[in-house]
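Encoded as structure tokens, the structure appears first; notes follow it.
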Amino acid sequence: MNTKEDLLTIMNKNYSSMSRGQKQIAAYLMEHYEKAAFLTAAEISRKAGVSESTVIRFAAALGYGGFPELHKALGQLVKKRLSQVQKLEFSKKNATRNELIKAVLQSDLVKLEDTFHNLDLAAMDIAVANILNAKTVYIIGIRNCTALAEYLYFHLNLVCPQVVLLKSTSSSEIFEQMMRIGETDAMIGISFPRYSLRTLKAMEFANSRNARLIAITDSVYSPLHLYSACSLLARSDLSSVMDSLTAPLSLMNALVMALYMEREEEVLANMELVETLWEDYQIYSKDEINFFDPQKGTNLNE
């Protein structure tokens, strides 16, 4: 066993060769490793919906001597997470607030630069084509990716005739919303460590229906990469207790602008329509800022 690689990396590298039951275990551990570190093999098997023997074989398939070694690896993941929290607390005590703010911004700049230099333009072209040629575009992003999914949904509505944002707290409800997905549709899955089991299942289902899949994730070792026709990769390291979504958001901005360029006239027409609707129905009439000049005593908007 390569002790330099943590359990998440090992699972990602081996995901494509796993059996269905092993994939269920891997997906559960990716999303819930903090809880799993305190569970027995029997408890993990119940959570993942597999037999206890499958959990034992899963440990062996990853190169561990048995479940105890796998359990130890889970504990090391939790310890690593806690050490990151401790480092942040230490930084708070040994640095000024301004230094911490600058450090966070500098870290985001590094992630943006890495994403820029490793951008796959061919994958971006495929993503643009798949989205523009789709009858319906489905978008899913759960947990820390919810905001990214909603942001992309807002902008794609100006480009695509039919966009569906999948929202749910359970896999069954997600499947109900995408039950009509097919080969004329496209699906965008957004997930970063810790990868979402519900997002993975939705991508797997869309793949079984021959939909064109686009993954927005962090690595070729991401489980989403296995099902996608193209993967748009953005760096999102956990440098403290908070995941940075700066680079993923910037990547999505680039995707949106590429789509806008392909349908510029349609986008402009839709934007004008939206502006007209806002004006006709006074959408923002109660949310406008009125500037007041204290010297003249007048409202500058009048």
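Computed from a predicted structure; not experimentally measured.
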**Q.** Residues that Asp114 engages under side chain to side chain contact (heavy atoms under 4.5 Å, CB included), provided they are two or more places apart
**A.**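 Partners of Asp114 by the side chain to side chain contact (heavy atoms under 4.5 Å, CB included) criterion, ordered by chain and then number, come out as Asn118, Arg235.
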Q: Could you tell me which residues satisfy side chain to side chain contact (heavy atoms under 4.5 Å, CB included) with Leu112, sequence neighbours excluded, listed by chain and number?
A: Thr246, Ala247, Ser250
Q: State which residues pass salt bridge (Lys or Arg N to Asp or Glu O under 4.0 Å) with Arg143; sequence neighbours excluded, sorted by chain then number.
A: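 Arg143 satisfies salt bridge (Lys or Arg N to Asp or Glu O under 4.0 Å) with Glu31 only.
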Q: Could you tell me which residues satisfy salt bridge (Lys or Arg N to Asp or Glu O under 4.0 Å) with Glu150, sequence neighbours excluded, listed by chain and number?
A: Lys167
Can you tell me if [X] uses its side chain to pair, donor with acceptor, with the backbone of [Y] under 3.5 Å?
X      : Y      : result
Arg46  : Ala41  : no
Arg212 : Ala229 : no
Gln162 : Lys135 : no
His71  : Ala37  : yes

Q. Is Ile25 close to Val55 at the side-chain level, that is, under 4.5 Å between some pair of heavy atoms?
A.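 Val55 reaches Ile25 side chain to side chain.
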Q) Any side-chain heavy atom of Met178 sitting closer than 4.5 Å to one from Val164? A) no
Q) More than 12 foreign heavy atoms under 6.0 Å from CD of Glu43: is that the case here? A) yes
Listed pairs under 3.5 Å, donor-acceptor, residues 255-262 side chains, sequence neighbours left out:
unit_1, atom_1, unit_2, atom_2, d
Tyr260, OH, His155, O, 3.4
Tyr260, OH, His155, ND1, 3.2

Q. In terms of side-chain heavy atoms, does Thr54 have a donor or acceptor partner in Ser51 at a distance below 3.5 Å?
A. yes
Q.
Could you check whether Ser236 and Asp218, counting side-chain N and O atoms only, form a donor-acceptor pair closer than 3.5 Å?
A.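 No, no side-chain donor-acceptor pair sits under 3.5 Å.
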**Q.** Set of residues satisfying ring-ring contact (aromatic ring centres under 6.0 Å, His included) with respect to Tyr153, sequence neighbours excluded
**A.** none
Q) In Å and rounded to the nearest 0.5 Å, what is the CG to SG distance from Asp125 to Cys230? A)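 One gets 9.5 Å once the value is rounded to the nearest 0.5 Å.
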